[in-house]
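No hydrogens, no waters, no symmetry mates; every other heavy atom, side chains included, goes into these values.
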Amino acid sequence: MTEAPYLEARAASPALPAARGELSGAVLSALRDRHEPRVHEEAVDQAEPYGDDLQLALYVLYELHYQGFEGVSDDREWDPDLLRLRKILEGRFLSALRADVPGEANAREALAEILLEPATDDGTSVSHYLQKEGELWHLREYAALRSLYHLKEADPHAWVIPRLHGRAKAAMVAVEYDEFGAGRAEDVHARLFANLMDDLALDHTYGRYLEAAPAQVLCTVNVMSLFGLHRALRGALVGHFAAVEVTSPPGSRRLAKAMRRTGAGTAAAHFYEEHVEADAVHEQIVQHEVIEPLLAAEPHLDADIAFGIHATGLVEERLAALLLEAWRDHSSALRVPLRVGTPQTA
C-alpha cells in the first residue's frame, strides 16, 4: 500500500453550534456572552434524557475539556456555574442509563455476552448492513457521524489512567499507546480516521459535523465523557473500553469490506483493517490484564464494569436503530445534509 503523505490534522477549535432547546440554548448563551447559565429547574426535570436538547448541552459542556470552542475562553472549563449545571444534566442522563440497563449482571457475565458474535445477522447491525447493502453515501454519513468520537479516539479513556494502578494501569497504558500511534503521529488512530474522511471527500476538521449529528450520536460520545470525567465511574469507563475493544474486530472487518466494495479508497479501508488486527490483541489485554487485576484490587467495581458494558450497548443500539430506519427508508440519518467535496488523498 502506498502511504498518503502525512499532514497534521487541523486542530482549531470548532465554532459553537446552534441551540436545540432551552437547556442547550442556556449553555451556548452563557459561553457566547460570558455569563452564568440561566436555566429553569422545570426545564431540566422535563427534558428528555436522551433527547437533542439535553445531549447537546452536555456535549458542549464536555467539549470544554477537549478542544473547546472558538471564542470561548479556556478558563470556562472550570467555571463553577457551568459545572453545577453539568452535574444536574449528568444526573438526568446517568439516572436514565441506570434505569435502562440490567442491574444484576457482573463484569464477567457482561463480557461473556459481547464475546459471542451472533451466528447470523438479526437485522440490527449497522456493520452488517453496510457490508451487504451499503452505498457510498451511507458510508459518508456513517463516517461524518462517527467523526465526533473518532477524531478524539482514545482521549476519553485516557482519563482512567491516573485512577488505576499496578497491572491494570500498565496494561491500559499499553493499549492507549497503540491507540495513539505507538509514538508515530501519522499512525494515531484519530489521524487514520481523518485520512478515511479525506478518501470519502469529507471535511476532517475537528467538530465539523456536530450540527449534523442527532442526539443518538451525541449519546455515544457523552457516555464516554461522563464516565471519564468522574473517578467514581472509573469502573464504568473500563467497561466501556472493554465493550469497544471486544466488539471492534468483527465490526471493523465488515466495515473494511464495505469500504473496499464501494471503492471508498485505500485509507478508508485501512482505518478499519488496522482495527481488526489491533483490537483483537487489545481485547485480550483488556480482559486479562486490565479487568481481572482491577477486580482483584477493587472487587466493589464489578457491577460498575458491567454497567459500563451494558450502557455502551444501549446507546449503540439506539444509534443503530436510527441509522437503519433512515437508510432502509432511503432517507438521510443526518440533521443537515452533507457537503461532499473532492477526495484529498491520492
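Considering CG of Asp155 and CD of Glu153, their distance stands at 9.0 Å, rounded to 0.5 Å. Here CG of Leu54 is found 8.5 Å from CZ of Phe93. Values are rounded to the nearest 0.5 Å. Here CG of Leu64 is found 8.0 Å from CZ of Arg76. Values are rounded to the nearest 0.5 Å. One distance of note links CD of Glu77 with CD of Glu63; it measures 11.0 Å at 0.5 Å rounding. Atom CG in Asp33 sits 10.0 Å away from atom CG in Leu28 (nearest 0.5 Å). We find the CG-OG distance between Leu255 and Ser127 to be 5.5 Å, quoted to the nearest 0.5 Å.
Put simply, the side chain of Glu109 gets close to the backbone of Asn106: a donor and an acceptor are under 3.5 Å apart. Here the side chain of Thr312 pairs no donor or acceptor atom with the backbone of Ala243 at under 3.5 angstrom. Panel note: side chain Asp53, backbone Leu23; a donor-acceptor pair is recorded below 3.5 Å. Of the possible polar contacts, none joining the Asp52 side chain to the Arg20 backbone as a donor-acceptor pair under 3.5 Å is found. Side-chain N or O atoms of Ser95 include one that pairs as donor or acceptor with a backbone N or O of Gly91 at under 3.5 Å. In terms of modelled atom types and a separation under 3.5 Å, the side chain of Asp329 and the main chain of Ser331 share no donor-acceptor contact. Of the possible polar contacts, one joining the Thr262 side chain to the Ala258 backbone as a donor-acceptor pair under 3.5 Å is found. The closest donor-acceptor contact from the side chain of Ser125 to the backbone of Asp121 lies at 3.5 Å or more, if one exists at all. The main-chain N or O of Ala26 is never found under 3.5 Å from a side-chain atom of Arg38 such that the two would form a donor-acceptor pair.
In the hydrophobic cluster analysis, where Ile, Leu, Val, Met, Phe, Trp and Tyr join through side-chain heavy atoms closer than 4.5 angstrom, Trp159 is grouped together with Leu94. A continuous path of ILVMFWY side-chain contacts below 4.5 Å connects Tyr59 to Leu322, so both sit in one hydrophobic cluster. Follow the hydrophobic side-chain contacts under 4.5 Å out from Val290 and you never reach Tyr177; the two are in separate clusters. Cluster annotation: Ile161 is connected to Val286 through the hydrophobic network of ILVMFWY side chains, with a link wherever side-chain heavy atoms come within less than 4.5 Å.
The cationic group of Arg146 does not satisfy the cation-pi geometry with Phe193, failing either the under 6.0 Å distance to the six-membered ring centre or the 45° limit from the ring axis. Cation-pi geometry between Arg253 and Tyr272 is not satisfied (NZ or CZ under 6.0 Å from the ring centre, within 45° of the ring normal).
Phe241 places none of its side-chain heavy atoms less than 4.5 Å from the side chain of Val246. Two residues are said to be in side-chain contact when any heavy atoms from C-beta on lie closer than 4.5 Å; Glu22 and His40 meet this criterion. Between His310 and Glu113 there is a side-chain heavy-atom pair separated by less than 4.5 Å. The side-chain heavy atoms of Val238 and Leu301, taken from C-beta on, include no pair separated by under 4.5 Å. In this structure, the side chains of Val60 and Pro17 come closer than 4.5 Å at one or more pairs of heavy atoms. Between Trp327 and Tyr142 there is a side-chain heavy-atom pair separated by less than 4.5 Å. Side-chain atoms of Val27 and Leu56, non-hydrogen and from C-beta on, never get closer than 4.5 Å to each other. Contact annotation: the side chain of Tyr129 never approaches that of Leu323 to less than 4.5 Å [non-hydrogen atoms, C-beta and beyond].
For residues 72-92, the ring-ring contact (aromatic ring centres under 6.0 Å, His included) pairs, not counting sequence neighbours, are His65-Trp78.
Contact check on Glu316 versus Arg318 returns no salt bridge, with no Lys/Arg side-chain nitrogen under 4.0 Å from an Asp/Glu carboxylate oxygen. Taking 4.0 Å as the cut-off between side-chain N and carboxylate O, Asp187 and Arg184 count as a salt-bridged pair. Between Glu292 and Arg108, at least one side-chain nitrogen of the basic residue sits less than 4.0 Å from a carboxylate oxygen of the acidic one, meeting the salt-bridge criterion.
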Which side-chain N or O atoms in residues 209-237 pair as donor and acceptor under 3.5 Å with protein atoms at least two apart or in another chain?
unit_1 : atom_1 : unit_2 : atom_2 : d
Tyr209 : OH     : Asp203 : N      : 2.9
Glu211 : OE2    : Ala18  : N      : 2.8
Thr220 : OG1    : Val217 : O      : 2.6
Asn222 : ND2    : Gln55  : O      : 3.0
Asn222 : ND2    : Gln55  : OE1    : 2.7
Asn222 : ND2    : Leu218 : O      : 3.4
Ser225 : OG     : Tyr66  : OH     : 2.8
His230 : NE2    : Glu90  : OE1    : 3.0
His230 : NE2    : Glu90  : OE2    : 3.0
Arg234 : NH1    : Arg231 : O      : 3.0
Arg234 : NH2    : Glu298 : OE1    : 2.5

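Closest approach of Pro249 to Glu283, counting heavy atoms only: CG-OE1, 4.3 Å.
Under the 3.5 Å distance criterion, with hydrogens and angles disregarded, a donor-acceptor pair is assigned to the side chains of His204 and Asp198. Using a 3.5 Å distance cut-off with no hydrogens or angles, the side chains of Glu141 and His138 do not pair a donor with an acceptor. Side-chain contact of His157 with Glu179: a donor-acceptor pair under 3.5 Å is absent, judged by distance alone. Looking only at atom types and distance, the side chain of His282 has no donor-acceptor partner in the side chain of Glu176 under 3.5 Å away.
Taking the six-membered ring for Trp and thresholds of 30 and 60 degrees, His275 and His189 have ring planes inclined between 30 and 60 degrees apart.
Under the salt bridge (charged side-chain N to carboxylate O under 4.0 Å, His left out) test applied with Arg254, the options Glu273, Glu133, Glu117 reduce to a single match, Glu117.
Contacts of His165 classified as ring pair (Phe, Tyr, Trp, His ring centres under 6.0 Å), with partners at least two apart in sequence or in another chain: none.
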